[in-house]
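First comes the structure, then the notes that go with it.
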Amino acid sequence: MFMPIDLKNAQELLETIKFFNQKGWSPATSTNYSVRAENQSQFIISRSGVDKSQFNLDDLILINDKGEVLPPFNRPGIKSSAETEIHTAIYKMFPEVKCVLHTHSVPGTVLSHTHVREKELVFEQLEILKGLEGNTSHDMIEVLPIVPNSQQMADIMKSMEGRFKTNTHGFLIAGHGLYTWGKDIATTKRHIETFEFLFECYLTMRRI
Ligand SMILES: [Zn+2]
């Protein structure tokens with residue numbers, strides 16, 4: 001199993017996965033989640049194909065920076081998500097990032113689909129923006145990039161090239177879902193909650 005510090009992180013990640021599932025942000029075995037292990041070049045990540053409402057500690061596995069499942073987790077049938085490559089690419093780009101979380105909510109899927117031509121969603125003048133690390137006021141503009149969906153993770157990362165600014169907190173994949181990251185699990189969970197709240201606000205404003 002995991003070493004003590006990794007076990008603590010794995011338990012916190014598991015609680016976060018369960019919370020997101022109760023919110024309806026991980027239907028039909030979708031989504032994936034990771035946290036940097038004590039060995040900084042390794043990552044604890046959710047394994048592929050498991051119903052997130054049934055998720056438990058045994059469904060978290062250790063991988064290296066090439067996405068290979070490490071012993072003793074490399075049993076037959078155990079693999080990490082096809083999207084692992086996005087997680088490892090984000091960790092490689094940002095050494096300070098300790099957690100990467102990815103949700104598939106209805107609002108995120110709808111908005112990423114309807115706004116793919118605009119290539120971004122823009123949020124401003126909302127108090128909840130302070131939920132994103134480094135934002136100290138509602139009086140600001142938050143830009144969330146949208147990139148086309150692909151089954152080739154390299155294509156998705158290529159579409160994000162040049163779009164990771166110092167104040168970029170995440171991105172949407174069109175018709176698919178949200179990626180965000182942070183300095184620890186709690187911060188990254190807060191980023192997911194903030195963006196999901198913003199998506200709901202955006203959709204509600206368009207209805208009235
Ligand atoms: Zn996904």
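In listed order, ligands and their atoms are each counted from 1. Positions are given from 1, in the same order as the sequence printed here.
Counting just the N/O/S atoms of H102, the one with the shortest distance to the Zn ion (ligand 1) is named NE2. For E83, the N, O or S atom closest to the Zn ion (ligand 1) goes by the atom name OE2. For H176, the N/O/S atom at the shortest distance from the Zn ion (ligand 1) is named NE2.
The side-chain tip of K52 does not point at the ring of F20 from less than 6.0 angstrom away and within 45° of straight on.
Shown here are the side-chain hydrogen bond (donor to acceptor under 3.5 Å, both in side chains) partners of N56, two or more places apart in sequence or in another chain: there are none.
Side-chain rings of H104 and H102 approach one another, their centers coming within less than 6.0 Å. In summary, the aromatic rings of F2 and F73 are positioned with their centroids under 6.0 Å apart.
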